[in-house]
> 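Encoded as structure tokens, here's the structure I'll be asking about.
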Amino acid sequence: MRAGTDRRTPIRTLLAGAADGAPVRVTGWVKTSRFSKNVSFVHLFDGSTPQTVQVILDVDQAEAFKTRLGIGAAVAITGTWKASPGGHQAFEVAAGAIEIVGDCDPSDYPIQRKATSLEHLRTLAHLRPRTNTFQSVFRVRNAASWHIHRFFQERGFMWVHTPIITASDAEGAGEMFEIVAGDPPFFGKRTFLTVSGQLAVENFAQAFTDVYTFGPTFRAENSHTPRHAAEFWMIEPEIAFANLDDVIALAEAFVKEVTLATIADCEGDFDFFDQRIEPGVKAAVIGAVEQPFHRVTWHEAQKILVGVQRDWEYPVGPGTSLQSEHERFLAEEYFKGPVFVTNYPADQKAFYMRLDDALTDGVATVSATDLLVPRIGEIIGGSQREERLDVLDDRIRAHGLEPEGYWWYRDLRRYGTTPHGGFGLGLERLLLWMTGMKNIRDVLPYPRTPGNAEF
RNA sequence: GCCUGCAUAGCUCAGUUGGUUAGAGCAACGGACUGUUAAUCCGUGUGUCCCUGGUUCGAGUCCAGGUGCGGGCGCCA
């Protein structure tokens with residue numbers, strides 16, 4: 001019986017430099033295998049790296065196990081780490097003992113040793129993590145999540161676990177899923193799944209100064225696009241004693257550092273995206289974050305759009321709103337990189353965004369910003385918050401809401417309030433941008449979209 | 001929610017103006033061969049042509065409805 005410490009050596013660790021001749025125990029799943037008269041090869045993956053490890057079988061081992069070492073089989077192999085005569089790897093495992101831990105019949109295993117469409121793999125959400133693409137996607141998702149926390153923690157931000165269940169039924173960010181448990185209602189009032197932790201986290205910013213949330217968020221919108229999901233993960237920092245410029249500076253530093261650190265951690269995965277998913281994406285993303293992000297006011301952006309000779313599907317200019325086609329033009333063609341659009345008309349934005357002191361071209365604006373990136377469009381929405389109670393009340397009423405319903409949010413404006421702000425960033429949209437993946441359903445482990453919650 | 005496209009073998013697809021036994025590549029399986037690398041070569045099998053109804057001598061093909069999936073737009077992250 002093996003000792004607990006001998007459970008396995010991750011393939012990533014082996015490839016990073018195990019000693020020649022060292023005894024190893026490698027566990028994983030068969031990626032491919034080739035059998036011939038003299039020597040046979042089995043390639044294993046275990047999720048620790050995009051690379052496989054090659055295992056060498058002698059004639060007797062091949063004869064004994066060849067029918068059980070097809071794609072998908074779970075195996076544990078003890079053997080020796082030794083230099084490889086083959087051209088594609090420096091070292092390999094010479095098999096000693098071979099254990100078939102879990103058989104897998106290739107004739108009806110849904111994952112094939114060939115290219116398979118992402119659409120088809122969505123119907124195999126339980127098995128697609130074993131494919132190259134999803135191995136890379138979810139390693140990158142993990143690395144990005146880690147660097148998101150690291151970015152904030154290194155700067156003294158406190159992670160606040162804002163509630164999933166909320167009674168704020170008008171957070172202004174979309175349709176909500178209602179919780180129907182209990183009759184009378186379990187919580188004594190109507191409750192919903194959160195669409196944003198922002199209102200809740202603002203309170204903590206007025207106590208801990210720099211805070212953030214990072215967790216699942218829910219929208220009951222009937223959206224059918226590659227960029228929308230009913231359940232997604234959002235990062236929402238909130239900072240006190242801060243204005244819109246501080247929020248933008250934070251957002252820019254955040255996107256840049258998280259992106260570069262994630263790519264540095266997952267070089268092999270990004271090489272895969274670059275070669276198989278979106279040619280050129282790696283250099284384009286790195287290039288984008290090595291320069292200052294552009295910045296333009298909403299009114300300036302409209303002037304740019306009006307000056308372009310183009311048949312817009314939607315109108316541009318004063319009184320219009322930025323549509324997807326306009327956002328993509330600004331990020332992809334005009335600025336050719338990430339761009340912050342600021343100071344949107346007040347009637348286009350949520351009630352909690354701070355009203356600017358002066359009108360622009362006769363239009364009331366708010367200290368809000370969206371970060372637009374090529375291919376994706378908006379990945380960040382943020383603002384300075386309205387800290388003046390009388391203005392906030394006017395804005396709440398202007399949105400057809402009742403100030404009384406926001407009594408605790410309003411309280412913050414009465415007791416030692418500060419100028420403050422923050423932003424929300426969709427994790428999946430950041431991942432789409434970094435990796436070149438095209439559909440949000442392919443960067444969520446088990447995507448929830450209208451009509452789809454099978455897994 | 002609006003608009004639009006698609007549905008044929010395990011997967012990706014072709015299938016002509018409606019015509020008789022519906023095809024290819026890959027995968028799988030069998031064999032040969034090879035320190036192989038998405039190996040290569042030879043061979044083998046594979047179908048509720050999404051469902052229901054209609055038109056027709058005859059429907060994978062045309063029509064209607066339904067179902068499923070994708071894409072564009074809106075909402076937003």
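Model, not experiment: these values are computed from the prediction. Lettering follows sequence order; numbering is per chain, from 1.
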> Please measure how far the P atom in B/G1 lies from the corresponding atom in B/G54, and state the result in whole Å.
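Per the computed distance, 31 Å lies between those P atoms.
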
> Applying side chain to side chain contact (heavy atoms under 4.5 Å, CB included), can you list everything that pairs with A/Phe272, at least two apart in sequence or on another chain?
A/Asn132, A/Thr133, A/Ser136, A/Arg276, A/Ile277

> Calculate the interatomic distance between A/Leu118 atom CG and B/U12 atom C1'; express it in whole Å.
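Rounding to the nearest Å, CG of A/Leu118 and C1' of B/U12 are 13 Å apart.
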
> Which base sits across from B/C26 as a Watson-Crick or G-U pair, both distances under 3.5 Å?
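Partner of B/C26: B/G10.
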
> For A/Arg328, report the nucleic acid contact type (base, sugar-phosphate, nothing); a contact means any heavy atom under 4.0 Å.
sugar-phosphate

> Answer with base, sugar-phosphate or nothing: what part of the nucleic acid does A/Pro85 contact at a heavy-atom distance below 4.0 Å?
base

> Between the side-chain atoms of A/Thr116 and the base atoms of B/C11, is any donor-acceptor pair under 3.5 Å?
no

> So does A/His228 reach the base of B/C76 with its side chain, donor to acceptor, closer than 3.5 Å?
yes

> Need one value for A/Ile380: base, sugar-phosphate or nothing, where a base atom within 4.0 Å counts as base even if backbone is also close, heavy atoms only.
sugar-phosphate

> For a quick check of understanding: with a heavy-atom distance under 4.0 Å over all strands, which category does A/Gly70 fall into, base, sugar-phosphate or nothing?
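Nothing, no heavy atom under 4.0 Å.
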
> Examine the base of B/G70 for any acceptor or donor lying under 3.5 Å from a partner atom in the side chain of A/Glu119, and report the outcome as yes or no.
no

> Out of B/C75, B/G70, B/A77, which has the shortest distance to the side chain of A/Arg122?
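In terms of side-chain proximity for A/Arg122, the closest of B/C75, B/G70, B/A77 is B/G70.
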
> Determine the Euclidean distance between corresponding C1' atoms of B/G10 and B/U46; express it in Å to zero decimal places.
9 Å

> Is a donor-acceptor contact shorter than 3.5 angstrom present between the side chain of A/His224 and the base of B/C73?
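Absent.
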
> Please determine, by modelled atom types, if A/Thr297 and A/Asn343 share a side-chain donor-acceptor pair under 3.5 angstrom.
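A/Thr297 vs A/Asn343: no donor-acceptor pair found between side chains.
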
> Which one, B/C75, B/G70, B/G35, comes nearest to the side chain of A/Asn439?
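So the nucleotide nearest the side chain must be B/G70.
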
> The side chain of A/Thr225 lies closest to which of these nucleotides: B/C11, B/C73, B/G35?
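Given the options B/C11, B/C73, B/G35, the side chain of A/Thr225 is closest to B/C73.
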
> Among B/G35, B/U12, B/A39, which nucleotide has an atom closest to any side-chain atom of A/Phe41?
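Ranking B/G35, B/U12, B/A39 by closest atom to the A/Phe41 side chain puts B/G35 first.
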
> Between B/C2 and B/A77, how far is it from one C1' atom to the other, in whole Å?
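Per the computed distance, 22 Å lies between those C1' atoms.
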
> Taking atom types as modelled and ignoring hydrogens, do the side chains of A/Gln198 and A/Tyr352 form a donor-acceptor contact shorter than 3.5 angstrom?
yes

> Among B/C26, B/C75, B/A39, which nucleotide sits nearest the side chain of A/Glu221?
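Shortest atom-to-atom distance from the side chain points to B/C75.
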
> For the base of B/C33, is there a side-chain donor-acceptor partner from A/Lys37 under 3.5 Å away?
no

> Quickly work out the A/Asn222 CG to B/G74 P distance and round it to whole Å.
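Going from CG in A/Asn222 over to P in B/G74 covers 15 Å.
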
> Return yes if a side-chain donor-acceptor contact under 3.5 Å exists between A/Gln323 and A/Ser321, otherwise no.
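A/Gln323 vs A/Ser321: donor-acceptor pair found between side chains.
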
> Any donor-acceptor pair under 3.5 Å between the side chain of A/Gln89 and the base of B/U36?
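Answer yes: a donor N or O sits under 3.5 Å from an acceptor.
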
> Heavy-atom count check: over 12 atoms from other residues, nucleotides or ligands less than 6.0 Å from A/Arg12 CZ?
no

> If you check the A/Glu378 side chain, which of B/A77, B/C75, B/G35 turns out closest?
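Within the option list, the nearest is B/A77.
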
> Between B/U36, B/C76, B/C11, spot the one nearest the side chain of A/Lys114, thanks.
B/C11

> Could you tell me whether the side chain of A/Arg227 has a donor or acceptor atom within less than 3.5 Å of a complementary atom in the base of B/A77?
no

> Examine the base of B/C69 for any acceptor or donor lying under 3.5 Å from a partner atom in the side chain of A/Arg441, and report the outcome as yes or no.
no

> Of all the nucleotides listed (B/G72, B/A27, B/C75), which has the minimum atom distance to the side chain of A/Pro226?
B/G72

> In whole Å, I'd like the distance from the CG atom of A/Leu44 to the C1' atom of B/U36.
15 Å

